[in-house]
Each structure stands twice: as C-alpha cells, then as structure tokens.
Amino acid sequence: MLTRKKILGLLALAAALLVPATARAQDLDERATISHLGSVQKHTRFGMGLRSQWVPNAGYDPFAKSNYLAAWTFEGSRVLLARRRLSLAVGALIDLGGSSSEARGAETHLGAHRFLVPIEGRYHVRPWLVGFARIAPGAMYMTASIAEASAGQKLDDAGFVFAADASLGAAVLFDSRRNPDGHPPRLWATGEWGYGWTASRRWSFAPDEEDKVTGRAVPTDLGRVAFRGTFFRLGLALSF
Amino acid sequence: MSARTALAALLLATFALGACGDRPDVWDTRADGVRAVGLHSSIALVDDAAHRVLVASPVSGVALARRSVPIGKGVATALPSADRRRLFVLCSGDVPRKKADDQGPSLTIVEDGGAASRRIELQTPLSGLAIDPAGRWVVIYPAGNGRTFVENPNQLVLVDLAAAPEKAVTFRTLRSFGGRPQRLTFTRELALPGGPRHLLVVETEQDLTLLDLDHVQDAIPRPEITVRLTNGLSARAPRPAGVVVDDGEPGKNDDARIAVQLANDSNVFILTLAPNPPGPAGPNDFTPQVNLADVGGPATDLAFVRTDGGLRLAAIVPSARKAVLIEPGTSITTDVPLPEAYARVSLVTDQVAPGAPGGVGEVALLYGGGSSVAFWSLGRTSGQPYRSVEVVNVAGGAAEITSVPPPNQALKVLASPGATGFYVLDLKTRTAAPLTTQRSARIAVSPDGRRLWAFAPGTENLAHIPVSDLAPLPLPLDRPIREVFDVQRGDGGRALLALDARGATGLTLLDAERPDVRAGASFFGLLLEGL
C-alpha cells in the first residue's frame, strides 16, 4: 500500500528526472517542427502514473487518517483528430486507489477505483511540450471493509457510482523527436491538475456471511460518501 | 512560467496536499467502555470520546432508529430520571480551560428517543448529580473526584427544570461545620406550617441540612437549616447513613418528620418539622425539633409505618437481631426480636393489600439476612410483636430485592450477588419460587411487569421468564451480553435490546413479548454511525 512518504519520494524522483530532461530536450536536434509534428502529435500513447487526490468528505474519514487518497493510474489514448498544433485524443483510464486505517479501533480497508474515458484536447506549445485539457466521464467502483469486533467477522460494502474528472496538464517529451514520419517509441512525462467528482453513495456495511444468531444483520450506516476534490497526477507515457 | 518553475509549483502543491486535512480525532479513539442507560423507549449509549450520546429507539418490528445527540467533553456522570423519560449527562468540559474557545462544564438533558435535548452551561466542573424523583429539580454537587485545583465541597448548583433557561440555575453554598455532602434526598411534597414544601435533605459526614426548594430562587433566598447531629454525650461525630421522610397525618401541617439513621451510633434522630416558636419570625417558616432514640445498635434501615398503635418509626438493627418500633413523639421504643439479622425493610402494604385503610394491616418485608426473608405484619404488633413476623426461607439469602411493576406488583425478585439462582417472591401467597442458574446471573425486570430477563454478563446466556408461569425460555445469542434492556417500542409493543460491548458496540433486537431469536435482528458497530 502506498504511504504518503513513498508517494512524496516518487514525486521527487519524477521531478529529478523530468527537469533535466526538459533542459536536454531543448538541445536536441529538432527534426519535428511545429509545422510538421507527425507522429510526435499523432500517436497512440500508453502511460502510468500516480494520482493524489484530496477527499474532504466525512464518508472517507473511517478509511484514512488524512484526506489524502492515492491511486495508481494506467491509461491509453489515441489521437483521432489533429490540426496544426491542436489535436484530440480519446482513450481509457483506470485509477486503482486505496487506503487502510483504523476506525475507533477497527481495521478498515478501502478500494476506490475509477474507470474513465478521457477525452483530451492537446496543444503543442513546442514540439516537445504539450498542454492539454481533459474531461473524463466514467464510473467509480468503491469497496470497503471494517473488521468490527461486535460482528465477529468483517463488514463489507461495495458499489459503483458515476464519476468524472476535469483537468489541465502538460506533457513533456523526454528525448527523441526524430523521425516524425515514423512511429518510434517516445517517452513522455506528464503532469496534471484537476478536480475529481463522483456521485455520492451511502455506506452500508453488512457481514459477508449470514448472521449466525438472528439471521438478519442490519447494515451499519456510515453516512454518505463522495470522492470529490482536487487532484494531481504525475506520470510517464510511451507513445508510438 | 518555465517548465522548471511549473514543476516546482506542482511539487509544492502536492506536498501541501499531503500535509493538510486530517480527519476528526474521534476516529482515532476507541469505542469500547461505553456506558449504556435504559430509558422508557430507547437506550442511550454515552459515547464520551465522541462527545455525544447515541440514542437507539426500537420503532416497529426490528427497525431501530438511531440519533446522535451532542454533549460536552469529559462525561462525569450520566443518570436517567426516575420515570426514565430523560437522561442527564454532566460534563466537566476542558479542564483546565486555557484557550478562549475551550469548553466549559455543562449539563445536557436528553429526552427519551433523542429527538430533543437541552444544554445548560455551568461555571464549575462538578461530578455529583442528584435527580428529583418528581422531575422538577437536579442538583449538581462536588462528589469528591473533582478535577479543579480548588473545590468547595459545599457548593451546590440547583437546576430548576421547570424554569425558563435564564432562571433555571441557582448557586448555593451550604453553611458547613466541617462536613461535606455525602447524599442528597428530595422529599415529596410535605404539608409544613408555611404551606406545602419540597425539601432537599443533604447528609454530610456529621450533620444534616434542610433546604426549602420552593424558596431557593427568592430574591432574598431563605437560608438552609443545618441540624448538628450529636447526642451531647460524646465528642465523636455521628455519621448519617440515610434518611426517611413522612408527611404525617392528612390535614395536619405540623407533624412531617425526617428520621436519620447513623452508621456509627446506636441512636436514631427524628426531626419533626414544627411551626416556628413564638417570637421574631425566622427566615424559614418551620423549625426542626430533634428527638433521639437509642435502638441498641446501629440501624441499617428505617421506615415510617402505621401500626394499630399509630405512627411508628421502624428501625432495623441486625447487630442485635431485632427491629425497634419508635413512637416518634415520645421516643418510646418497643423491641421486636427477629429470627435473623435482617438489614433492610421495605413496606409492601400496597402490594399485598392495595387500598387497605391506613393504620391497619401494614406489612413490611424484611430482607438482607442470611437465608430468609420475613413478612412483618405491623397491624398486630401491640402485645404480640414476635408472632407478627412470618419467615420465608430462601437459601442463599436475599441481599437485593427488585420490585415487579404493575400489574404484577405483588411479586418481588430476590437475589444475591454471586448466587447461582434467584427467587420470585409472591407477597400475596407469601411463597418464594426458586429459579436456578448455571452461573451467577443478573435479573432485569421488564417495566411492564410481565417478564424477567436473566443473563450472565460476558456470556451468551439469556433467558426469558414470563412472570405468569415462571417457565424460562432459553435464548442463546452466541455473542457476549453485557446488559439487556426491555423498552417500549414505537408501535406500542416491547423490544429487548441485548448489548454486546465488544468493539464499537453491537446489539441484538428481539420482540420482548414473543421472543424468538430467529425473528430478531443484529446490529453491529453502532458507535461508528452518526459521526
């Protein structure tokens, strides 16, 4: 499980890699120009990253000591339209998030997974620097458990809600801009800031198995939860 | 902005994101050790760590409404009213108060069901709470475990629950001769020379104080009356150990009496609340006249009784295996030898012969002895005191006695701590039906008087016992039971709530009138809800 310390370490590593790469990129032989971006602009891209979201919601409190929610991101996209510096890409994105904590002495675990369809407008400021705006509708699957002693077994809840992200970001080409007419692999670093939204859902925790005393366990109501808040995402991507 | 600057800003913001927004502290507290209080139609779980009371009310069937009522910090005491329609929660607040927004002490009054509550801010964190059985007054006093650096043990805070909020709280400091309050007793309405009065009787380690509650909020409040308890023969201070009150004969206003038993003295004090003597009028319109009676040993219980010879004070003296009848006007005593060293007395006339004319046929139950209880027929006392006592043997004794409410008020449950069994005493037939348990059990009597619940705390053993036939029905819950509560359901039926205090508290809800475990419902993690 990702701890805050690990996440901050990864962010620092990404920055250390990214900043020199940006400087280096300016020195490279720029075969691709703004007038002929070729596969630097029109490509299929696969990436992964780390999403950090602030979730100031009472329904999240039992599952984390802070309002921070981390998620691994896996995404793929393809440019469908391109005109001069502008392009439009559509893809698929999965955020696999989670947290573990204790709630009044009971161990808790949460999974918060987004399945989104990002629709992304890109603008090449430089051949090696792309700004983008993205909206990503989809769904979130939330699953949680509480090891509550009075139940004698875990209490669980899971379900889907509508989810959407809106974000702005930038992608920096790490090195090669050669051969714009071909499709060599190119490494990108991406950074993104935005707002993640989900519909709210009532937490309703019930035992896995039938209650062995009465046969009827009334779900434990932990109120409503919605994963809404600003987020950052830093990642790496390969385009072809 | 350069790419380098943008990245630096992004990192900074991410660091800030990770550093802020911790959850409320309550999630880091444990939920075990919660206090549960049974009310008329709900149970209240006093969740001190979350500064709230969670009120759970059975609605209908197996539905259970839950409401969270905020209270102050630092619960000192939580007690129900006599009719169990209210819960009083006394909180000390932040002690010491260091910041402007630190919380002060408070009293929160939670109505049954939790739909309404009222909070009264206090000045000093005190820990003792005495509740008027009539529901009008609450008195807050220092109970000896205060958290402040300096505390005046004779400071009382009187809360008039019938008054407007701005006039509800009155502070009084009792005049002291060195004692501090040990026990507070509210009298019912007494016919006193100045009119009907409600008194607060405060016992200290050495004296007794009477406070006229009906004049405590006067512009010039009437001072309390302190009665120093001494027999004039010894320097040792007699220690009050309980009081009983009698209003006297109907239509008379000069014969209300308060009797005081002493823990370390063989005397009993009787105070007659008489008119003030002629002369300058005092601030109070009655004066206690003190009589002493030596009963031959420390009395462990008192009761005013009507015998065929008139009003008497019955004093139970287990060290001499006797009861003593005291004529309150003259202090003339009559010894009644008892077959055992009973410690307690309880009048059961109304249960044995409801509506019987006063003064004739009064019956007292003697208990707290070794292996029996006794019926003491006070109407036949004169001339044949010994034969007026009828013994019913109960092996294991009866240290505790619990009344069964109407319509089965003729029944009493007799139990002793640690005993593997209990008795159901029928006052009319004077029989004691034994019920045995495999281990030490606690008995809960339903407020509608129709059933008993026996359970062994910390185990899964629960049994339903209808008082109609005393045929136990085992209801094993397969989870440890801490307490059980038989409460009124919203639809008019009755529900049993069996509390499991593991973790964040669970409970099992059954229909109390037709208990069937498979028709019940289980609730888990109640103290995780409503935060």
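Being a predicted model, the structure only gives us computed values, none of them experimental. Chain naming here is simple, since letters A, B, ... match the order of the sequence lines and numbering starts at 1 in each.
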(request) Answer yes when A:K65 and B:D28 have at least one side-chain N-carboxylate O distance shorter than 4.0 Å, and no when they do not. (result) yes

(message) Distance check, rounded to the nearest 0.5 Å: B:L477 atom CG versus A:T214 atom OG1?
(response) 9.0 Å

(request) Please state whether the side chain, the backbone, both or neither of A:P219 comes within less than 4.5 Å of a heavy atom of chain B. (result) backbone

(request) Just give me the residue among A:P62, A:G105, A:A58 that pairs up with chain B most often, heavy atom to heavy atom, under 4.5 Å. (result) A:P62

(request) Examine distances only and state if a side-chain atom of B:R518 and a backbone atom of A:V213 form a donor-acceptor pair shorter than 3.5 Å. (result) yes

(request) Return yes if some donor-acceptor pair links the side-chain N/O of B:E529 with the main-chain N/O of A:D221 below 3.5 Å, else return no. (result) yes

(message) Taking side chain as everything from C-beta outward and backbone as N, CA, C, O, which of these in B:T508 sits under 4.5 Å from a heavy atom of chain A? Side chain, backbone, both or neither.
(response) side chain

(request) Please confirm whether the backbone N or O of B:A521 pairs with a side-chain atom of A:R216, one donor and one acceptor, at under 3.5 Å? (result) no

(request) Output yes when B:D47 and A:R104 qualify as a salt bridge under the 4.0 Å nitrogen-oxygen rule, no when they do not. (result) yes

(message) Please classify the contact between A:A106 and chain B as side chain, backbone, both or neither, with a heavy-atom cut-off of under 4.5 Å.
(response) neither

(message) Please classify the contact of A:S101 with chain B as side chain, backbone, both or neither, using a heavy-atom distance under 4.5 Å.
(response) side chain

(message) Less than 4.5 Å apart, side chain to side chain, heavy atoms only: is that true for A:L222 and B:L528?
(response) yes

(request) Answer with side chain, backbone, both or neither: which region of B:A519 has an atom nearer than 4.5 Å to a non-hydrogen atom of chain A? (result) backbone

(request) Would you indicate whether A:D208, at its atom CG, is surrounded by more than 12 heavy atoms from other residues, nucleotides or ligands within a distance under 6.0 Å? (result) yes

(request) Using a cut-off of 6.0 Å, state whether more than 12 heavy atoms not belonging to A:R202 lie near its atom CZ. (result) yes

(request) Using non-hydrogen atoms and a 4.5 Å limit, figure out which bit of A:A147 sits close to chain B: side chain, backbone, both or neither. (result) neither

(message) Quick one, B:S522 and A:V218 - any side-chain contact, counting heavy atoms below 4.5 Å?
(response) no

(message) Taking the basic N atoms (NZ, or NE/NH1/NH2) and the acidic carboxylate oxygens, is any pair closer than 4.0 Å for B:R479 and A:D211?
(response) yes

(request) May I ask you to decide whether B:E460 forms a salt bridge with A:K212, counting only side-chain N to carboxylate O separations under 4.0 Å? (result) no

(request) Select one option (side chain, backbone, both, neither) describing which atoms of A:P56 are under 4.5 Å from chain B's heavy atoms. (result) neither

(message) Heavy-atom cut-off 4.5 Å, strictly under: side chain, backbone, both or neither for B:L527 against chain A?
(response) both

(message) Surrounding CZ of A:R126 (heavy atoms of other residues, nucleotides or ligands, distance under 6.0 Å), is the total greater than 12?
(response) no

(message) For the CD atom of A:E148 and the CG atom of B:L526, what is their distance to the nearest 0.5 Å?
(response) 8.5 Å

(message) Could you go through B:T505 and A:S150, starting from their C-alpha distance and side-chain angles, then the distance that decides it, and tell me whether this counts as side-chain hydrogen bond (donor to acceptor under 3.5 Å, both in side chains)?
(response) CA-CA 6 Å; B:T505 304; A:S150 63; over 6 Å; no

(request) Indicate the atoms forming the closest heavy-atom contact of B:G525 with A:T220, along with that distance. (result) O-CG2, 3.6 Å

